[in-house]
S.K.: 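The structure follows.
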Protein chains: 2
Amino acid sequence: MKDSNLKKAGLKVTLPRLKILQILEDAKEHHLSAEDVYRVLANAGEDIGLATVYRVLTQFQEAGLVIRHNFEEEHAVFELDHGEHHDHLVCVKCGRVDEFTDNVIEKRLHEVGKETQFMITDHSLNIYGICGGCQK
Amino acid sequence: MKDSNLKKAGLKVTLPRLKILQILEDAKEHHLSAEDVYRVLANAGEDIGLATVYRVLTQFQEAGLVIRHNFEEEHAVFELDHGEHHDHLVCVKCGRVDEFTDNVIEKRLHEVGKETQFMITDHSLNIYGICGGCQK
DNA sequence: GTCCGTGCAAAGGATTTGCATAATC
DNA sequence: GATTATGCAAATCCTTTGCACGGAC
């Protein structure tokens with residue numbers, strides 16, 4: 001259950017937190033902005049403030065439950081952290097975000113870190129372009 | 001001269017534009033925020049407003065003279081566009097930004113585009129970590 | 001009952017915009 | 001001289017915070 005995820009993260013189990021976690025899990029489009037989450041809540045008749053959405057998402061991020069991305073947009077987007085790192089394909093037409101991983105690239109990244117004496121903690125790789133659907 | 005760069009871009013040659021272009025060219029650290037540019041101008045005794053800095057940088061971006069990046073910071077940074085694409089190594093300690101390119105990665109990116117039927121227009125690859133200097 | 005979480009409204013930082021003035025061509 | 005830029009202040013957008021109330025444990 002979601003309860004345990006929250007408890008494990010040291011967060012009290014509250015309605016807003018459960019709802020928001022649920023929304024992130026159910027989302028077709030895995031990458032949601034705070035606004036998006038707020039809108040879904042509003043449409044579901046939940047009376048949860050935007051400030052709370054931001055607060056909860058930030059807490060989730062600190063707890064490692066979600067990842068926050070700054071794509072080339074004006075606002076941040078959040079996605080559940082399932083553990084495996086992945087990179088992103090962002091469609092500049094429709095805003096759709098797909099995920100991918102590539103072992104060759106991952107390996108080269110480590111090598112680049114070694115060559116440049118850089119202690120890598122993280123990386124973000126985003127490919128921007130036009131997705132199959134939008135090319136028609 | 002810088003004049004021609006501006007004219008080529010269809011921009012009138014004005015003092016603020018020249019100064020800002022100059023600052024971007026002279027900068028040790030190639031990646032500057034609007035605030036950084038503004039500070040340099042102020043220190044040089046130039047009386048140029050922050051709004052103008054933003055306006056000029058945005059115009060430069062539209063003209064293809066500079067590239068705007070949104071790293072994991074709260075503000076954008078700008079660098080001169082010298083034509084060759086490169087990726088970034090961002091030190092999370094001191095904020096230093098280095099550049100690199102890797103042909104293996106570039107090649108794989110194209111292949112990922114093909115495999116996913118994605119018409120790639122651009123990409124951004126940022127490695128976050130601790131630079132050699134900060135590891136001591 | 002204590003403490004943490006929430007809602008609301010106000011604050012905050014980065015960036016943009018409206019308007020009168022000043023500069024370029 | 002006409003048009004485009006600039007400076008300033010106000011406006012805007014996304015996000016965070018302060019504070020009093022309500023809910024979790």
Side-chain angles (χ1 to χ4, degrees), chain A residues 1-23 31-42 44-63 65-78 95, chain B residues 1-23 31-42 44-63 65-78 95:
Chain A
M1 298 285 346
K2 283 110 215 158
D3 298 36
S4 45
N5 288 330
L6 289 176
K7 281 190 186 134
K8 236 182 295 171
L11 296 169
K12 262 187 201 167
V13 178
T14 65
L15 194 86
R17 287 177 183 157
L18 282 171
K19 287 286 176 193
I20 291 174
L21 201 48
Q22 181 89 58
I23 287 171
H31 301 76
L32 300 179
S33 68
E35 242 350 284
D36 291 336
V37 172
Y38 178 66
R39 216 171 302 124
V40 174
L41 285 168
E46 297 294 340
D47 208 4
I48 296 177
L50 182 55
T52 300
V53 174
Y54 274 106
R55 257 185 302 234
V56 169
L57 287 174
T58 303
Q59 290 158 351
F60 283 3
Q61 181 192 0
E62 284 163 356
L65 292 175
V66 310
I67 304 179
R68 182 191 195 126
H69 296 286
N70 295 298
F71 295 142
E72 304 283 297
E73 310 166 301
E74 358 21 76
H75 50 46
V77 295
F78 302 81
Chain B
M1 302 279 350
K2 283 110 212 158
D3 299 37
S4 45
N5 288 329
L6 289 176
K7 282 190 186 136
K8 236 182 297 173
L11 295 169
K12 261 186 201 166
V13 177
T14 66
L15 195 88
R17 286 178 183 155
L18 281 172
K19 288 286 176 193
I20 292 174
L21 202 47
Q22 183 88 57
I23 287 171
H31 301 75
L32 301 178
S33 67
E35 207 48 68
D36 291 335
V37 172
Y38 178 65
R39 217 170 301 126
V40 174
L41 285 168
E46 297 294 340
D47 209 6
I48 297 177
L50 182 55
T52 300
V53 174
Y54 274 107
R55 257 186 302 232
V56 170
L57 287 173
T58 303
Q59 291 157 350
F60 283 4
Q61 180 192 3
E62 285 164 355
L65 293 175
V66 310
I67 304 179
R68 180 190 196 127
H69 297 287
N70 294 297
F71 295 142
E72 305 282 298
E73 311 166 301
E74 354 27 74
H75 51 48
V77 296
F78 301 81

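The chains referred to below are lettered A, B, ... by the order of the sequence lines, with proteins before strands, and numbering in each begins at 1.
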S.K.: Do you know which two heavy atoms are closest between Pro16(B) and Thr52(B), and how far apart they sit?
M.R.: CB-CG2, 4.0 Å

S.K.: Between Leu6(B) (CG) and dT4(D) (P), how many Å, whole number?
M.R.: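 The distance from CG of Leu6(B) to P of dT4(D) comes to 17 Å, rounded to the nearest Å.
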
S.K.: Please round to the nearest 0.5 Å and tell me the distance separating atom NE2 of His75(B) and atom CG of Asp36(B).
M.R.: 6.5 Å

S.K.: Side-chain N or O of Tyr54(B) less than 4.0 angstrom from OP1 or OP2 on dT15(C)?
M.R.: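 For Tyr54(B), the contact criterion (side-chain N or O under 4.0 Å from OP1 or OP2 of dT15(C)) is met.
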
S.K.: What's the CG-C1' distance between Leu15(B) and dT4(D), to the nearest Å?
M.R.: 16 Å

S.K.: Output the single nucleotide from dA24(D), dC8(C), dT6(D) whose closest atom is nearest the side chain of Lys12(A).
M.R.: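 Out of dA24(D), dC8(C), dT6(D), the nucleotide with an atom closest to Lys12(A)'s side chain is dA24(D).
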
S.K.: What's the closest nucleotide to the side chain of Ile48(A) if the choices are dT15(C), dC14(D), dG7(C)?
M.R.: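 Looking only at side-chain atoms, Ile48(A) lies closest to dG7(C).
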
S.K.: Taking only the side-chain heavy atoms of Arg17(B) (C-beta and beyond), determine which of dT16(C), dT6(D), dG18(D) contains the nearest atom.
M.R.: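 So the side chain of Arg17(B) is nearest to dT6(D).
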
S.K.: Please state whether the phosphate of dT6(D), meaning OP1 or OP2, lies under 4.0 angstrom from any side-chain nitrogen or oxygen of Thr14(B).
M.R.: yes

S.K.: Using side chain to side chain contact (heavy atoms under 4.5 Å, CB included) as the criterion, point out the one residue from Ile23(B), Val53(B), Leu32(B) that pairs with Val40(B).
M.R.: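 The residue from Ile23(B), Val53(B), Leu32(B) that satisfies side chain to side chain contact (heavy atoms under 4.5 Å, CB included) with Val40(B) turns out to be Ile23(B).
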
S.K.: Between Thr58(B) and dT16(C), does any side-chain N or O lie under 4.0 Å from OP1 or OP2?
M.R.: yes

S.K.: If I compare all heavy atoms of Leu41(A) with all of Lys19(A), which pair ends up nearest, and what's the gap?
M.R.: CD2-CB, 3.8 Å

S.K.: Identify, between Arg55(A) and Val53(B), the residue whose nearest nucleotide on DNA chain D lies closer to the 5' end.
M.R.: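 It is Val53(B), whose closest nucleotide lies nearer the 5' terminus.
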
S.K.: Of the nucleotides dT17(D), dT15(D), dA9(D), which has the atom closest to the Ala51(B) side chain?
M.R.: dA9(D)

S.K.: Mind calculating the distance between CD (Gln59(B)) and P (dT4(D)) to the nearest angstrom?
M.R.: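 Answer to the nearest Å: 13 Å.
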
S.K.: Quick check for you: among dT16(C), dG5(C), dT15(D), whose closest atom lies nearest to any side-chain atom of Arg68(B)?
M.R.: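 The closest nucleotide is dT16(C).
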
S.K.: In this structure, how many angstroms lie between the C1' atom of dT4(D) and the NZ atom of Lys7(B), rounded?
M.R.: 15 Å

S.K.: Check every strand shown and say whether Ala34(A) touches a base, only sugar-phosphate, or nothing at a heavy-atom separation below 4.0 Å.
M.R.: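 Since no nucleic acid heavy atom lies under 4.0 Å of Ala34(A), the category is nothing.
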
S.K.: Among Glu35(B), Arg68(B), His69(B), which one satisfies side chain to side chain contact (heavy atoms under 4.5 Å, CB included) with Val77(B)?
M.R.: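 Looking at Glu35(B), Arg68(B), His69(B), the match for Val77(B) under the side chain to side chain contact (heavy atoms under 4.5 Å, CB included) is His69(B).
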
S.K.: Would you kindly give the CG-to-C1' distance between Leu18(A) and dA24(D), to the nearest whole Å?
M.R.: 12 Å

S.K.: Both Phe78(B) and Asp47(A) contact DNA chain C. Taking the nearest nucleotide for each, which residue is further toward the 5' end?
M.R.: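 Looking at DNA chain C, the more 5' nearest nucleotide goes with Asp47(A).
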
S.K.: Output the distance between atom CZ (Phe78(B)) and atom OG1 (Thr58(B)), rounded to the nearest 0.5 Å.
M.R.: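 Interatomic distance, Phe78(B) CZ to Thr58(B) OG1, rounded to 0.5 Å: 5.5 Å.
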
S.K.: With respect to the phosphate group of dG7(D), does any side-chain polar atom (N or O) of Thr52(B) fall under 4.0 Å of OP1 or OP2?
M.R.: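 Checking dG7(D) against Thr52(B), a side-chain N or O does come within under 4.0 Å of OP1 or OP2.
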
S.K.: Rounded off to whole Å, could you give me the CG-to-P distance for the Leu57(A) and dG5(C) pair?
M.R.: 15 Å

S.K.: Tell me the interatomic distance from Asp36(A), atom CG, to dC14(D), atom C1', rounded to whole angstroms.
M.R.: 13 Å

S.K.: What is the distance, to the nearest angstrom, from the CD atom on Glu35(B) to the C1' atom on dT16(C)?
M.R.: 15 Å

S.K.: Take Val77(B) and Pro16(A), find for each the nucleotide of DNA chain C with the closest heavy atom, and name the residue whose nucleotide sits nearer the 5' end.
M.R.: Pro16(A)

